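Single-structure report; data block below.
Lettering of chains follows the sequences in order, A, B, ..., and the numbering in each one begins at 1. The model shown is predicted, which means the values in this text are computed figures rather than measured ones.
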Number of protein chains: 2
Amino acid sequence: MDTRTTLLDHAERAVRQRGYNGFSYADLARDVGIRKASIHHHFPKKADLAFSLIERYAGRVSERLAEICAREPTAAARLRAYHQLYRAALAGGAQVCLCVAFSAGRDSLTDPVLEQLNAFHRDSVDWLQTVFEQAAQDGSVAAPSDPQAEARATLALMEGAQLVSRAAKDVSHFDQATAAFVSRLSPAQIH
Amino acid sequence: MDTRTTLLDHAERAVRQRGYNGFSYADLARDVGIRKASIHHHFPKKADLAFSLIERYAGRVSERLAEICAREPTAAARLRAYHQLYRAALAGGAQVCLCVAFSAGRDSLTDPVLEQLNAFHRDSVDWLQTVFEQAAQDGSVAAPSDPQAEARATLALMEGAQLVSRAAKDVSHFDQATAAFVSRLSPAQIH
DNA sequence: GTCTATAATGGGATAGAC
DNA sequence: GTCTATCCCATTATAGAC
């Protein structure tokens, strides 16, 4: 595989496991099997690497969300799939998703990277809001309220549940924290 | 005031604004007006400072929760007060509370500090669970479900809402993310 | 595109005088 | 308890040969 992609893959794994400050070019060089200086050829500054990471991640998630919409007709099924994305990203409590890792390491990030992160959050909220608007129509979600507030609550819940789950190294915390959310999406709710 | 306390105060502010890696003994020395070496007299290692921070924080929150129970009789009023603790700690989007800052900076913390953090989370969940059990009795909270799951969901929601709110530097995100939670606590729900 | 070598910086930490 | 002076180390980053 292309060296640049290999670097991004290893860097992403490191960021999600140990945070943005938790890995250095030295670590990455050892992982990948090249020298520090060679990484600088692909990503002159660490901020360039961070930017490419969040850019690639945003694109990937965007694709997944489109796939979900193509595959699942009801709002409830779409939200279940969204929940599963966060659940799967936890990797048993060892990792968080890249957006949580970047939100957490916000103080070390440059402005362009933070802009990308905020853009990603905006896109997520927009997608969720649209799904909750659909929910108000198809009745597949119990107790619907304001779609934008629901969207922001969902994003906060997923990110917070990942955060505390990794702190405790225990996935069951994520499951408990999101249990009530998931139960609103029960197939039994479809009329 | 006592130097040790002054150091803790400034360190806490720095951690909550810029994260655990976002401040150094050099910064702290400049803020407080003494030399780096003098800080090492009070806190030999940075991990000692971190431990004292979370210890003091846990004690302070514990007092606040006891006060809330003494002051507010209903479960709904207690949860509203709990929500207000997190709301106030945001300081307009400039800060997060110490437990969120530490959860986010988890990779840089030593084991004793992480244990304190997890103990704090356990205590918070216990307190919330007790309140949600009370809610099932006094009927002051709408749509009650499993108390432990509710407790973990509440903690995750508060921490996640702070995280995304600080990333966007916008308190209104916290308010929107927690709006549905708060509306379940409306005084109108009391029977 | 990868390497060796080397800055340059900043952080945590210690010794020992006052 | 505070200071000056210093150490050690990790980290990011650059120069220039191959």
[atom1] of [X] versus [atom2] of [N]: gap in Å, rounded?
{"X": "A:Asp48", "N": "D:dT14", "atom1": "CG", "atom2": "P", "result": "10 Å"}
{"X": "A:Asn21", "N": "C:dG10", "atom1": "CG", "atom2": "C1'", "result": "13 Å"}
{"X": "B:Tyr25", "N": "C:dG12", "atom1": "OH", "atom2": "P", "result": "8 Å"}
{"X": "A:Leu28", "N": "D:dT11", "atom1": "CG", "atom2": "C1'", "result": "13 Å"}
{"X": "B:Ile39", "N": "C:dG11", "atom1": "CD1", "atom2": "P", "result": "12 Å"}
{"X": "A:Asp107", "N": "C:dG11", "atom1": "CG", "atom2": "P", "result": "14 Å"}
{"X": "A:His40", "N": "C:dA7", "atom1": "NE2", "atom2": "P", "result": "16 Å"}
{"X": "A:Arg35", "N": "C:dA5", "atom1": "CZ", "atom2": "P", "result": "10 Å"}

Q: Take A:Lys36 and B:Ala37, find for each the nucleotide of DNA chain D with the closest heavy atom, and name the residue whose nucleotide sits nearer the 5' end.
A: B:Ala37
(Q) Between A:Leu65 and A:Val61, is there a side-chain heavy-atom distance shorter than 4.5 Å? (A) yes
Q: Give the nucleotide from the list C:dG11, C:dT14, D:dT12 with an atom nearest to the side chain of A:Lys46.
A: D:dT12
Q: Kindly point out which of C:dG11, C:dC3, C:dG1 is positioned nearest to the side chain of B:Ala26?
A: C:dG11
Q | Polar pair under 3.5 Å, donor/acceptor by atom type, side chain B:Lys45, base C:dG12 | A | no
Q: Give a yes/no answer on whether the side chain of A:Thr3 brings an N or O atom under 4.0 Å of OP1 or OP2 in C:dT2.
A: yes
Q) Closer to the 5' end of DNA chain C via nearest nucleotide, is it B:Pro44 or A:His41? A) A:His41
Q: For the pair A:Glu12 and A:Arg60, find out whether any cationic side-chain nitrogen is under 4.0 Å from an anionic carboxylate oxygen.
A: yes
Q.
Under 4.0 Å between a side-chain nitrogen and a carboxylate oxygen: does that hold for B:Arg152 and B:Asp146?
A. no
Q) Any side-chain donor paired with an acceptor under 3.5 Å for A:Asp27 and A:Ser24? A) yes
Q | Pi-cation contact, A:Phe51 with A:Lys45 (under 6.0 Å, within 45°) | A | no
Q: Scan A:Phe43 against the nucleic acid and name what it touches under 4.0 Å (heavy atoms): base, sugar-phosphate only, or nothing.
A: nothing
(Q) Mind checking if A:Ser38 touches a base, just sugar-phosphate, or nothing, with heavy atoms under 4.0 Å? (A) base
